[in-house]
Amino acid sequence: EAGVTQSPTHLIKTRGQQATLRCSPISGHTSVYWYQQALGLGLQFLLWYDEGEERNRGNFPPRFSGRQFPNYSSELNVNALELEDSALYLCASSLVANTEAFFGQGTRLTVV
Amino acid sequence: DAKTTQPPSMDCAEGRAANLPCNHSTISGNEYVYWYRQIHSQGPQYIIHGLKNNETNEMASLIITEDRKSSTLILPHATLRDTAVYYCIVSFSGGYQKVTFGIGTKLQVIP
């Protein structure tokens with residue numbers, strides 16, 4: 001069974017550009033979570049999608065947004081990139097909202 | 001804000017049991033304790049979770065105190081591949097909403 005897959009693995013953008021990160025959950029999982037992990041820091045909760053709806057978001061500015069598609073895959077968009085947005089972005093999925101989450105390998109975003 | 005506190009680092013001799021503590025003194029009645037680990041810049045890996053009873057699986061054991069204010073993850077026979085950052089989190093039964101993983105415990109298994 002395929003795990004959570006994220007693309008691209010690495011992404012380099014310049015300040016002010018937009019970045020789009022993609023996540024495919026494990027088959028059958030309806031909940032998708034996005035986290036940001038800056039170098040040397042813990043995982044900061046970004047967004048939670050379930051059944052196509054945004055259910056909750058963390059303390060991030062509105063330029064961080066996303067969506068979940070009918071096939072439960074998800075996209076994270078970061079507009080007006082800033083240098084501080086450089087981080088590992090992790091996606092996780094779970095079967096339902098209260099079970100263990102399985103993480104992808106992440107997208108390393110570098111803003112220069 | 002993370003609702004758990006963990007020591008920033010621990011060492012363990014290979015083959016010995018690794019006991020990783022976690023304090024979650026403000027845990028509420030319907031919050032579960034979850035443990036994950038992250039091996040150098042990979043995605044975190046689920047280990048185990050529990051509500052009030054002790055739990056065991058093929059990877060580890062989870063001991064939760066009776067008052068649920070703390071827990072211990074036990075790796076019975078640590079190997080070099082267990083070197084990782086271990087995260088303890090608490091989560092409502094309604095999902096991982098606004099769960100923030102703290103900096104965790106960096107476990108170094110020493111040969």
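Chain naming here is simple, since letters A, B, ... match the order of the sequence lines and numbering starts at 1 in each. Computation of the quantities below employed the complete heavy-atom set of this structure, encompassing side-chain atoms and omitting hydrogens, waters and symmetry-equivalent molecules.
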All heavy atoms of Leu90(A) vs all of Gly43(B), minimum pair found to be CD2-CA, 3.8 Å

How far apart are the closest heavy atoms of Ile103(B) and Gly42(A), and which atoms are they? CG2-N, 4.1 Å

Using a cut-off of 6.0 Å, state whether more than 12 heavy atoms not belonging to Arg15(A) lie near its atom CZ. no

Residue Leu51(B) excluded, over 12 heavy atoms near CG under 6.0 Å: yes

Got a sec, which residues hit side chain to side chain contact (heavy atoms under 4.5 Å, CB included) with Ile110(B), two or more places apart in sequence or on another chain? Asp11(B), Gln108(B)

For a 4.5 angstrom cut-off between non-hydrogen side-chain atoms, does Gln38(B) reach Leu88(A)? yes

Is there a path from Leu109(A) to Trp34(A) through hydrophobic residues (I, L, V, M, F, W, Y) whose side chains come within less than 4.5 Å of each other? yes

Going by the rule ring pair (Phe, Tyr, Trp, His ring centres under 6.0 Å), which residues pair with Phe64(A) if we only count those two or more places apart in sequence or in a different chain? Phe60(A)

Check: Tyr36(B) ring centre within less than 6.0 Å of Phe103(A) ring centre: yes

What part of Gln6(A) gets within 4.5 angstrom of chain B, counting heavy atoms only: side chain, backbone, both, or neither? neither

